[in-house]
Amino acid sequence: MENIKAYVQEHKDRFINELIELLKIPSVSADTAYSHDVFETADAVKASLEKAGCDFVEICDTPGYPIVYGEKIIDPNLPTVLVYGHYDVQPPDPVELWTSPPFEPVIKKTEIHPEGAIFARGACDDKGQMYMHVKALEYMVQSNTLPCNVKFMIEGEEEIGSKSLSWFVERNQEKLKNDVILISDTGMISNQQPSITTGLRGLSYVEVEVTGPNRDLHSGLYGGAVANPINVLAKMIASLHDENNHITIPGFYDNVEELSLEERAEMAKAPFNLDNYKKALDLNDVYGEKGYVTNERNSIRPTLDVNGIWGGYTGEGAKTVIASKAFAKISMRLVPNQDWEQITELFTKHFTSIAPAGVTVLVKPHHGGQGYVTPIDSIGYKAANMAYTETFGVPAIPVRSGGSIPIVALFEKELKSKTILMGFGLDSDAIHSPNEHFGIFNYLKGIETIPLFYKYFVELSK
Ligand code: BES
Ligand code: MN
Ligand code: MN
């Protein structure tokens, strides 16, 4: 593996340019206007896997966007690593807040990335992180150091709930057979302190609709005499948290695992600076559930957040009107053992029950998924830690993340294997936000670290 550093140095400009080409295709899965681009990106990923040295690559059609599958099987008796990633990206809006167009990648220096970062939608989540694996494969094939079998499964619907991937995994258990699943779609603490994600939160996502009168009304003629759906919705939403910021839905916390004081003390050892955290977000204070600190609130505790709310008149000037309907999109982040379908039911029952007379309420479930925790004594975790230790010079710290990759719990259920979350992004990389970027340092370091994971995984598997 001596040569991986040299290989990356020699080919880094090409590695960066190839990623830039991939980032130019706007593969926004949420918006059907980009449908053609999503398919085109799948083709580009297929071509990149062929070029990197897979023996077999195919586009697998699904009821939705295709899954790119590739493999290089060198010996059926050796272990198999299954790499998962996604080639779809979040919508770029609000586009006007980008300092350069989201699908015209440029390299800019930042305080955190003095050597430059690629700015584009998907740079970090997840095209950049996924492509590190393609380039790591290229290196291992070119240098004849691939120590085991490898399979790639790159999907195009992660940002919209991975529906087609569930369909695909259930139907292809034999094809996807593996000894460990490797994913780079999470983050790490900092460029000086790597971390391995040991937990992901689950998710229940719902949309609510509150209906009052059968048409929009004059707010003078009717105001005060009929329920205003926007007033009512605001009140109902406000009641979902109590004064301690606990969620008030009956049964919501029933299966929530309480961490021991020792476990919480262990978590508190991870480097974190509250002042810098506030400064980075221009906040005068943090906010959240009483009895927990910031790093607990965003990882081991469940949450309920309104993601969008609308209704009535929001155009220029004033219009005196009581809207007929009000809407909100609400996400609940869940911790392991909370079942997302059960939580969706509890929410629906409770939200419907608190509606006052004078309105009707409709709850439409969107998607969801279970949380995930992974032990730190598995061969996969140890191999990842050895790889990070070698390239960063310090061991990785296990960290539970607040984000969700719902398909990971399904992988464990259907494919019976553990997932190792080797992320190289930073929280400050602005994924899902305007000006998403991925550090050149992070990209190249990822390409350097991944082959070491293979090496140590195979060594430890013997
Ligand atoms: N890569 C993210 C999830 C992530 C990011 C986990 C950083 C941990 C650290 C993924 O693409 C994502 O955005 N997931 C969605 C869920 C999905 C069902 C839309 C999320 O977490 O909101
Ligand atoms: Mn992602
Ligand atoms: Mn994402």
Side-chain angles (χ1 to χ4, degrees), residues 23 27-31 41 64-65 83-92 102 120-133 153-166 182-190 194-207 270 295 298-300 302-308 329-336 340-341 343-344 365-374 398-411 419-434 436-438 442 446:
L23 290 167
S27 49
V28 179
S29 51
D31 185 345
T41 308
Y65 288 125
V83 176
Y84 161 82
H86 62 95
Y87 64 81
D88 65 321
V89 302
Q90 282 280 322
R121 174 56 88 227
C124 177
D125 184 12
D126 180 40
K127 282 175 176 166
Q129 295 215 69
M130 176 272 289
Y131 205 67
M132 299 180 314
H133 289 268
M153 176 170 65
I154 314 297
E155 71 151 319
E157 290 179 17
E158 197 278 340
E159 299 293 5
I160 52 170
S162 300
K163 221 172 169 181
S164 298
L165 187 67
S166 309
L182 185 59
I183 304 181
S184 295
D185 192 23
T186 53
M188 55 177 191
I189 293 174
S190 73
S195 53
I196 299 172
T197 302
T198 52
L200 293 164
R201 285 196 286 192
L203 180 71
S204 162
Y205 200 107
V206 297
E207 186 170 324
N295 274 346
N298 68 16
S299 65
I300 58 164
T303 61
L304 183 152
D305 279 294
V306 178
N307 293 242
K329 290 185 195 277
I330 297 174
S331 69
M332 287 162 278
R333 295 283 168 170
L334 310 175
V335 297
W340 78 271
E341 284 173 316
I343 292 291
T344 305
H366 277 254
H367 53 78
Q370 313 293 42
Y372 186 71
V373 268
T374 186
V399 171
R400 286 218 214 171
S401 171
S404 309
I405 311 177
I407 204 71
V408 171
L410 188 100
F411 286 159
T419 290
I420 302 301
L421 297 157
M422 277 181 93
F424 292 89
L426 300 179
D427 283 356
S428 54
D429 287 345
I431 64 170
H432 294 209
S433 303
E436 175 178 353
H437 54 278
F438 190 35
N442 304 67

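Both ligands and their constituent atoms are indexed starting at 1 by order of listing.
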Q) Given NE2 of H86 on one side and OD1 of D185 on the other, what angle do they make at the Mn ion (ligand 2), to 10°? A) 100°
**Q.** Pair S162, E155: side-chain N/O donor-acceptor within cut-off below 3.5 Å
**A.** yes
(Q) To check your reading of the model: name the closest protein heavy atom to atom 19 (C) of ligand 1, its residue, and the distance in Å. (A) E159 O, 3.5 Å
Q. Can you tell me the N, O or S atom of H432 that's nearest the Mn ion (ligand 3)?
A. NE2
Q: Scan side-chain atoms only and decide if K127 and S27 contain a donor-acceptor pair under the 3.5 Å cut-off.
A: yes
Q. Do K329 and V306 pass the side-chain contact (heavy atoms from CB on, under 4.5 Å) test, and can you show the C-alpha distance, the side-chain angles, and the key distance before you say yes or no?
A. CA-CA 6 Å; K329 290 185 195 277; V306 178; over 6 Å; no
Q. Is the count of non-hydrogen atoms from other residues, nucleotides or ligands lying under 6.0 Å from N295 atom CG greater than 12?
A. yes
Q) Which bit of S331 is near ligand 1, meaning a heavy atom under 4.0 Å away: side chain, backbone, both or neither? A) neither
Q: Counting heavy atoms only, name the option from Q129, H86, R333, E157 that's nearest to atom 20 (C) of ligand 1.
A: R333
Q | From the candidates D185, D126, L426, the one that places a heavy atom nearest atom 4 (C) of ligand 1 | A | D185
Q | Region of I431 that comes within reach of ligand 1 [heavy atoms, distance under 4.0 Å] | A | side chain
Q: Could you check if a side-chain atom of H432 sits within less than 4.5 angstrom of a side-chain atom of D125, using non-hydrogen atoms only?
A: yes
Q: Using side chain to side chain contact (heavy atoms under 4.5 Å, CB included) as the criterion, point out the one residue from L200, D305, L203 that pairs with R333.
A: L203
Q. Below 3.5 angstrom, do we get any N/O pair linking E158 and ligand 1?
A. yes
Q. At a 4.0 Å threshold, what atoms of ligand 1 neighbour a non-hydrogen atom of S401?
A. 8 (C), 9 (C)
Q. Are side-chain heavy atoms of I330 and E207 found at a separation under 4.5 Å?
A. no
Q.
Please give the atom name: the N, O or S atom of D125 nearest to the Mn ion (ligand 2).
A. OD1
Q.
For Q90, which part has a heavy atom under 4.0 Å from ligand 1: side chain, backbone, both, or neither?
A. neither
Q | atom 3 (C) of ligand 1: nearest protein contact (heavy atom, Å) | A | S404 O, 3.5 Å
Q | Short side-chain donor-acceptor distance under 3.5 Å, S164 and E157 | A | yes
Q) Of the protein's non-hydrogen atoms, which lies at the shortest distance from atom 6 (C) of ligand 1, and what is that distance? A) G403 CA, 3.8 Å
Q.
Can you confirm whether V89 sits close enough to D126 that some side-chain heavy atom of one is under 4.5 Å from a side-chain heavy atom of the other?
A. no
Q: Pull out every atom of ligand 1 sitting under 4.0 Å from any heavy atom of P406, numbered as shown with elements.
A: 18 (C)
Q) Is the Mn ion (ligand 3) under 2.8 Å from any N, O or S atom of E159? A) yes
Q.
Once you restrict to heavy atoms under 4.0 Å, what part of H367 touches ligand 1? Side chain, backbone, both or neither.
A. side chain
Q) Under 3.5 Å, is there a donor-acceptor pair between the T344 and S204 side chains? A) yes
